[in-house]
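Just so you know, residue 1 is the first one in the sequence shown, and it goes up from there. Only this structure's heavy atoms are used, side chains among them; waters, hydrogens and symmetry mates stay out.
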Amino acid sequence: MNETLIRDVVAEVLGRIGGATTTVTASAPAAPAPAAAKSDSCGCSVKKATSAPALRGKYGVFATADEACAAAQEAFLQLQQKGIAARRKIEEIVKTLAEKNAEPWGKIEFEETKIGRLDHKIVKLGLIKLVPGVDWLRPDARSGDHGITLEEYTPFGVVGAITPSTHSIPTLSGNIVNIVAAGNAVVFNAHPSAAKCAAVAVRTYNEAIYRETGIENIACIIEKPTLDSFNALCKNEYVRLLLVTGGPMVVKAAMQTGKRAICAGPGNPPVFVDDTCCPTRAAKAIISGAAFDNNLLCIGEKQVFVLDHVADKLMQRMSENGAVKLNSAQLTQLTKAAFTIKEGQGGGCAQAHTNKDFIGKDPGFLAQAAGINLPAGTQLLFGETDAMHPFVQEEQMMPMIPIVRVKSVEEGIALSLQSEHGYKHTAIIHSHDVENITAMARALDTTLFVKNGPSPAGLGLGGEGYLSFSIATPTGEGITNPRTFTRVRRCVMVDNLRIY
Ligand code: NAD
């Protein structure tokens with residue numbers, strides 16, 4: 001044992017004794033084995049985190065935002081001490097536990113939220129290993145006659161994060177990997193309807209992280225999240241940065257806090273299909289993207305525009321590959337159930353609001369509302385609509401795709417653009433014509449643009465690239481990764497250390 005290791009163990013044991021009145025349960029992990037110490041310095045000049053007893057034994061799950069933030073701040077300071085080795089260990093723990101617990105955690109999330117598909121909830125948790133971690137961060141260097149300069153990607157401190165109901169544990173897990181890889185701690189305010197499962201995951205992660213590194217609260221969560229706890233989290237002095245994953249309301253709320261906010265906002269991804277693509281490939285891609293987790297993904301295909309003379313062929317291929325077409329009467333019946341339509345006032349347009357009971361439900365549930373029975377194994381419903389139909393205009397998050405016939409490429413691109421509502425999130429094209437592809441990419445100006453594949457290919461699932469469940473759209477950071485959560489700091493050596 002070296003001196004640093006002994007000091008760390010002693011400090012940790014004293015900290016635990018200080019908190020002996022708290023609720024370390026019989027199932028709590030054994031005493032920590034600290035990760036590799038950062039340096040051989042005596043540590044006398046290092047500001048030690050305070051060991052407030054109320055923060056012990058909670059493993060990240062706190063009643064209030066202020067307690068959670070204080071605990072996260074303490075954990076952030078501990079992580080600073082324990083260095084890159086501890087960050088790496090935490091990344092490994094989160095990725096391993098997400099995969100190991102994919103089935104039970106997928107199940108508890110599905111039971112709590114009652115949206116999406118259990119099989120796909122399990123798949124999503126198995127994907128956390130594809131989220132980039134510590135190795136993503138590489139300093140930038142400059143070398144010249146005046147010496148050398150290094151720009152390093154350094155942590156902020158505590159990040160406040162808001163997660164959606166559509167993928168609670170996957171978003172939380174991916175966010176922890178990114179945020180902690182960059183050297184930060186994080187406090188979550190989860191969606192109230194997906195908060196219990198999130199707390200289970202946070203506790204499990206922290207127990208393992210504590211056991212392996214001695215850091216107890218690197219990822220914290222407010223047990224019963226509310227709008228008040230959101231406000232308290234945003235106001236807390238330790239929170240230096242916000243990461244918001246959700247719809248328009250929370251994005252707006254985060255931007256009004258005065259803190260820097262990275263916002264992964266809503267989408268309404270259009271698909272344009274021209275006459276140069278392979279209709280079978282396009283049909284299969286549309287089905288697999290739109291049916292995934294019953295179309296809860298923000299990147300999921302939500303409406304299709306197709307050139308008139310290939311529309312029948314595309315729909316035929318969709319019917320042959322697991323999708324079922326609704327006729328006009330069935331579609332009208334489903335629309336009445338799935339949306340509340342308020343007539344426009346003073347000559348304005350009618351406003352549709354999605355009925356929450358239909359979000360993320362199975363095709364069978366929607367079919368029942370449409371008045372039909374489905375063959376077993378149906379993945380997706382589709383039906384022909386006009387361009388202003390609620391299924392086109394609303395981010396409906398249901399396994400039902402509206403198909404709109406268009407007369408020209410120009411019309412298809414223009415309607416795709418209109419239906420995306422300027423979210424600049426995701427768009428998809430099926431085409432082998434580079435001019436059509438380029439024209440749509442330029443016009444839509446989206447964060448993700450997928451050609452000839454299902455939407456998840458844009459997140460490295462069947463396409464090249466890496467995964468994140470938080471795609472920062474209105475604020476422009478793109479597919480979030482560890483660098484998103486860093487401050488760039490420059491270190492300059494004048495006239496020396498250039499070795500040639
Ligand atoms: P939601 O907006 O209802 O909730 C998201 C989070 O924000 C929740 O934690 C919720 O409690 C909180 N929230 C909502 N309104 C708030 C307010 N006014 N003040 C403070 N907090 C508030 O969204 P949801 O239904 O859980 O998720 C689906 C939405 O999220 C869709 O719009 C989808 O496109 C979007 N989303 C985006 C991404 C992305 O990466 N861009 C990823 C997943 C989901």
Main-chain N/O of Trp105 paired to Glu109 side chain as donor or acceptor, under 3.5 Å = no
Does a side chain donor of either Glu477 or Thr475 reach within less than 3.5 Å of an acceptor in the other side chain?
-> yes
Between Glu92 and Lys89, is there a salt bridge with N-O shorter than 4.0 Å?
->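 A salt bridge links Lys89 with Glu92.
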Kindly state whether the ring of Phe365 and the ring of Phe358 have centres lying under 6.0 angstrom apart.
-> yes
Could you tell me whether Phe339 and Phe391 have their ring centroids closer than 6.0 angstrom?
-> yes
Side-chain donor-acceptor contact under 3.5 Å, Asp275 with His309 = yes
Check whether the side chains of Tyr205 and Ser173 place a donor and an acceptor atom closer than 3.5 Å, and report yes or no.
->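 There is such a pair between these side chains.
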Scan residues 292-302 for pairs that pass side-chain hydrogen bond (donor to acceptor under 3.5 Å, both in side chains), counting only residues two or more places apart or in two chains.
-> Lys121-Asp293, Lys124-Asp293, Asn294-Asp362, Asn295-Lys302, Glu301-Ser455
Under 3.5 Å, side chain of His191 to main-chain N/O of Ser193, donor-acceptor pair present?
->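 Indeed, once roles are kept as given, a pair shorter than 3.5 Å links the two residues.
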Reported NE2-to-CG distance for the pair His120 and Leu297, which is rounded to 0.5 angstrom | 9.5 Å
Regarding Gln393 and Gln303, is there a side-chain donor-to-acceptor distance under 3.5 Å anywhere?
->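 Their side chains do not contain a donor-acceptor pair, so the 3.5 Å distance test is not met.
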Would you confirm whether the ring centroid of Trp136 sits within less than 6.0 angstrom of the ring centroid of Tyr466?
->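 Yes; Trp136 has its ring centre under 6.0 Å from that of Tyr466.
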Mark yes or no for whether Glu394, through its side chain, and Gln396, through its backbone, hold a donor-acceptor pair below 3.5 Å.
->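 A pair under 3.5 Å: no.
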Out of curiosity, Met400 CE to Thr335 OG1, how far, rounded to the nearest 0.5 Å?
-> 7.0 Å
Identify the two heavy atoms, one from Thr276 and one from Ser431, that lie closest to each other, and give their separation to 0.1 Å.
->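 Thr276 and Ser431 have their closest heavy atoms at OG1-OG, 3.3 Å.
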Nearest 0.5 Å please: distance from the CZ atom of Phe110 over to the CD1 atom of Ile122.
-> 10.0 Å
Cation-pi between Arg483 and Tyr153: NZ/CZ under 6.0 Å from ring centre and within 45° of the ring axis?
->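 Yes, Arg483 lies over the aromatic ring of Tyr153.
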Asn452 backbone acceptor or donor facing Arg281 side chain under 3.5 Å |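 Yes; judged by distance alone, with no hydrogens or angles, the pair exists.
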Return yes if a side-chain donor-acceptor contact under 3.5 Å exists between Ser470 and Asn175, otherwise no.
-> yes
For the residue pair Asn189 and Ser229, confirm or rule out a side-chain donor-acceptor distance under 3.5 Å.
-> yes
Between Glu91 and Val94, is there a donor-acceptor pair closer than 3.5 Å when you use the side chain of the first and the backbone of the second?
->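 No.
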Answer yes or no: is there a donor N or O on one side and an acceptor on the other, between the side chain of Asn481 and the main chain of Pro132, under 3.5 Å?
-> no
Ion pair Glu207/Arg203, N-O distance below 4.0 Å |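 Arg203 and Glu207: salt-bridged.
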Carboxylate-amine/guanidinium proximity below 4.0 Å for Lys129 and Glu99 =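 Yes, charged N to carboxylate O under 4.0 Å.
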Charged N to carboxylate O below 4.0 Å: is that the case for Asp357 and Lys114?
-> no
